[in-house]
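See below for the structure under consideration.
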Amino acid sequence: VVVATALVNMYGKCGDLDEALHIFYRLPGKNVVTWNTMIEVSASQGQGEEAFHLFKEMCVAHIMPNKSTFVSLLSACVNEENLVEGKNFHSCIIRSGIICDAVLDTALVTMYGKCGSPRDARAVYDAMNACDVVAWTAMMAAYIQHGQGNEVLLLVHKMPTGVLLDNVTFVSILDACAAEGALEEGRLMHALVLDSEFFSDVVVGTALVNMYNKCGKLEDARSAFDTIPKWD
RNA sequence: AACCGGGGCCUG
C-alpha cells in the first residue's frame, strides 16, 4: 500500500491523473494516506470535482478523513471558487471533532478569502489559538484581494508577537501599501526589511520600489532601486 | 514508511 500510494503520488504530480486513478481504484486496502494522496493530486491538477467525488467515496468506505484530507479539499474549493463546498467542508471539520492547527486554520482563511467571503475568513482568523506569520499573511491576502486595503493596514499594526516577517509577508504588505498610498506603513516596512535577511532580496526590493512610486516618492523609489545589489 | 497551508513580476 505504501509503494502504491507513492506511485499514485508520482503519477498524479507528473500530470498523469488517469494512471494515478487506475492504480488507485485497483488497489485493495487503501488507507487514509492513500485517499489523501489521490484527493490532493486531483485538486492540484485542477480536478476539483474529482476531489469532491473522491471524498464522498471515502466517506462511504468508512475511512476517517484527517487534517490533510481537508487541507487538500479546501485548496480544491479555492481552485473552483466554490464557497458552498468550502462551507460544507468547514462544518464537516467541526462535526468530525478534528482539532484545527495552524495549517488547517490557514487553509480555511485562504479558502474563505479566495471564495469571496473575507468576513468568514476573519472569523476563523480571530478564533485561531496559535496565529503565525503564515496565517497573518493569508488574512491580509484575503483583504487585499477584496480591495480592503484599510483592513490590511490595521492588521499590519496587529502582527503576531514574537515572529519574524518573511519575504512573502513583506511583499504582501508593501503591495497593500502601494495600493493604498500608505507611505507611513510603507516606511515602517522598509525599516523592518533593512533589519531582516531580505534587505537585498530582489523581489522585496521590487515591491519597495513599487510602493514608493505609488506613494509618489520617486526619489525614495530610486534610492531603494539603487540599494539592491546585482540587479538584473 | 507514502499525502497537506500564504505573496509581487514574468510565462498568460
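Convention: sequence-line order gives letters A, B, ...; per-chain numbering from 1.
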Nearest-angstrom distance, C1' atom, G12(B) to G8(B)
15 Å
Same-atom distance (C1') from G6(B) to A2(B), integer angstrom: 25 Å
Just to be sure I understand the rule, does [X] reach a base, reach only the sugar-phosphate, or reach nothing, if contact means heavy atoms closer than 4.0 Å?
{"X": "V32(A)", "result": "nothing"}
{"X": "N66(A)", "result": "nothing"}
{"X": "T69(A)", "result": "nothing"}
{"X": "S68(A)", "result": "base"}
{"X": "A102(A)", "result": "base"}
{"X": "K30(A)", "result": "nothing"}
{"X": "N210(A)", "result": "nothing"}
{"X": "N31(A)", "result": "base"}

Original post:
So, for F55(A) and F70(A), is the gap between ring centers shorter than 6.0 Å?
Top reply: yes
**Study point:** Output field: ring centroids W35(A)/F24(A) closer than 6.0 Å
**Key:** yes
Nearest whole angstrom, please: distance from the [atom2] of [N] to the [atom1] of [X].
{"X": "F70(A)", "N": "C4(B)", "atom1": "CZ", "atom2": "C1'", "value": "13 Å"}
{"X": "Q45(A)", "N": "C3(B)", "atom1": "CD", "atom2": "C1'", "value": "14 Å"}
{"X": "D132(A)", "N": "G5(B)", "atom1": "CG", "atom2": "C1'", "value": "9 Å"}
{"X": "D175(A)", "N": "C10(B)", "atom1": "CG", "atom2": "P", "value": "12 Å"}
{"X": "L73(A)", "N": "C3(B)", "atom1": "CG", "atom2": "P", "value": "17 Å"}
{"X": "M58(A)", "N": "C3(B)", "atom1": "CE", "atom2": "C1'", "value": "11 Å"}
{"X": "E40(A)", "N": "C4(B)", "atom1": "CD", "atom2": "P", "value": "6 Å"}
{"X": "L165(A)", "N": "G7(B)", "atom1": "CG", "atom2": "P", "value": "16 Å"}

hbond_proxy [X] side chain to [N] base (donor-acceptor, 3.5 Å cutoff):
{"X": "S172(A)", "N": "G7(B)", "answer": "no"}
{"X": "D166(A)", "N": "G6(B)", "answer": "yes"}
{"X": "T169(A)", "N": "G6(B)", "answer": "yes"}

Looking only at the side chain of [X] (C-beta and beyond, no hydrogens), which of the listed nucleotides [options] gets closest?
{"X": "K13(A)", "options": "G7(B), A2(B), C4(B)", "value": "C4(B)"}
{"X": "V203(A)", "options": "C3(B), G7(B), G6(B)", "value": "G7(B)"}
{"X": "V2(A)", "options": "G6(B), A1(B), C4(B)", "value": "A1(B)"}

Can you tell me how far the [atom1] atom of [X] sits from the [atom2] atom of [Y], to the nearest 0.5 Å?
{"X": "L21(A)", "Y": "E50(A)", "atom1": "CG", "atom2": "CD", "result": "5.0 Å"}
{"X": "C131(A)", "Y": "M159(A)", "atom1": "SG", "atom2": "CE", "result": "12.0 Å"}
{"X": "S96(A)", "Y": "M64(A)", "atom1": "OG", "atom2": "CE", "result": "6.5 Å"}

Check: Are the side chain of S172(A) and the backbone of V168(A) linked by a donor-acceptor contact shorter than 3.5 Å?
Finding: yes
Does OP1 or OP2 of G5(B) have a side-chain N or O of K114(A) closer than 4.0 Å? no
